[in-house]
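Residue numbers start from 1 in every chain, and the chains themselves are labelled A, B, ... in the order their sequence lines are given, proteins ahead of strands.
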2 protein chains.
Amino acid sequence: MKSAAKALSEDTSETGAQQIRDAIRDAIVERRLSPGTKLSESDVGNLFNVSRTLARAALQALSYEGLVSVETNRGAFVAYPSPEEARQIFSARRLVEPGILREAAARITPIDIKRMKELLLEEGRLMSERGQTARRAEIKASGDFHLMLAEVSGNAIMQRFMEELVARSSLVIALYGQSTASSCGHSEHGDIISAIETKDLDRACQLMLHHIAHIEADLDLRERKSLGLKEAFEL
Amino acid sequence: MKSAAKALSEDTSETGAQQIRDAIRDAIVERRLSPGTKLSESDVGNLFNVSRTLARAALQALSYEGLVSVETNRGAFVAYPSPEEARQIFSARRLVEPGILREAAARITPIDIKRMKELLLEEGRLMSERGQTARRAEIKASGDFHLMLAEVSGNAIMQRFMEELVARSSLVIALYGQSTASSCGHSEHGDIISAIETKDLDRACQLMLHHIAHIEADLDLRERKSLGLKEAFEL
DNA sequence: GACGGTTAAATTGTATACGATTTTTTGCAC
DNA sequence: GTGCAAAAAATCGTATACAATTTAACCGTC
């Protein structure tokens, strides 16, 4: 199943750099690429059989989304969000997601609700499965719930912003997540849908805020400053 | 006075493409470049005495911010937001600005308030002046109010998002604004600050929503579909 | 003079080339 | 061996080159 993100608004066939960007983004979001990994332009180019020009453009694009950090004269790395950055990402989500939810609820159709329930089912199914691929699909599906809400809201700008926030959240969870089953809050997605169905928007927003708080609560946002080389052995 | 946007968070000296990007962005936001204007890579490169490579990178960057639209094999143009896009931009602002305001109010210091009042004064001064440059500075100052609020909120992610929204709003106003004195809502900025000072957050949010509504109300968001070539003379 | 098709000019998409900066390796003294 | 300086390799920043596509010009026909 394709990401909900791409479901609409991507009409033009993607040109080279965009394809590479999307491929790398998927790899980052699905955590096949770890934070901090060096992404050299030549390597990326060779990997996709294109010149450094396109590889560079793709990396540049990812840096605008906050998934890659490019350092002058040093190259590009998979972003390694700081605890402070992580806090800001979730703060931003708490700020926008209730609003998105309200707009989505105002426009949601029975077909949308059906699609979302299907997504939920898929998510649950993946949770019970074993293996790396299932785990990755589960990560993606869990994010897709939030993206689909943004899609239903009908605001392309908020949708793009949510795509960025969800992608960066995935990075944060990869770095600071504690419980292996990070998407423990799966049932919460269902609760939110139910609240939307019964038009209880205040409750839906409340649930959404709790849901985000739960994800954040599973993080250990302590400064891991590489332990300064001294402290690492001073025990 | 530099844009509030750059006041913080820009530590690294900017590399070529970024300087060009910023220069073009300023030109767009200050409405020296009209929506729809073609931005050919060669021309941009010549103008800044750099190769097409850098010009292209700058244009690419601007397209991620929604200020420039690049069409495959056709080139880059100053964005020409559709009425629907315009509505979404303001919808997004209504969605996020109250939240930003609340966060800002929670962290605001007397120094911040002083800075904002100075900005207000500057804005008022520019409004009374004549001439293109004063008008452009006024446009920028009017946006800087909203950006400074985002800056005070302490969330770099929301700040960047607001920068995008304010810049794109400027484009929309350039296209669809009716009253020449588009920043008639200057006094509303002062009211919002007052409400923040007295810790009346609900009122501040209310004022903010009205303020955004006022800006939007000044727009004539009717589909100007270039009048279809037939209708243009069929009168 | 208007229309349609062919050719020429301009512009974009991508690759390659080269100087500059960073990183790694090498080699030497201690 | 350890530490440091210099050379070599790798990598980035930017410019140029060439193929592909679009846009403009040209020109004969009706």
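Taking a cutoff of 4.0 Å between a charged side-chain nitrogen and a carboxylate oxygen, B:Glu164 and B:Arg160 do not qualify as a salt bridge. At a threshold of 4.0 Å, the pair B:Arg32-B:Asp26 does not count as salt-bridged, since none of the basic side-chain nitrogens sits closer than that to a carboxylate oxygen. Here A:Arg135 does not pair with A:Glu30 in a salt bridge; the nearest charged N to carboxylate O distance is not below 4.0 Å. Ion pairing between a basic and an acidic side chain is recognised when a charged N comes within 4.0 Å of a carboxylate O; A:Arg93 and A:Glu216 show no such pairing. In summary, B:Arg115 and B:Glu151 engage in a salt bridge, as defined by a charged side-chain N under 4.0 Å from a carboxylate O.
With sequence neighbours left out, the salt bridge (Lys or Arg N to Asp or Glu O under 4.0 Å) criterion links A:Glu103 to no other residue.
Heavy-atom contacts of chain A under 4.0 Å fall on DNA chain D between two terminal nucleotides, which in 5' to 3' order are D:dT11 to D:dT14.
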With 3.5 Å as the limit, what N/O pairs link the protein to nucleotides 9-13 of chain C?
unit_1, atom_1, unit_2, atom_2, d
C:dT12, OP2, B:Glu41, N, 3.4
C:dG13, OP1, B:Asn73, N, 3.2
C:dG13, OP2, B:Arg56, NH1, 2.3
C:dG13, OP2, B:Arg56, NH2, 2.9
C:dG13, N7, B:Arg52, NH2, 2.8
C:dG13, O6, B:Arg52, NH1, 3.1

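Between B:His211 and B:His189, the ring planes lie perpendicular to each other; the angle is over 60°, past the 30° to 60° tilted range.
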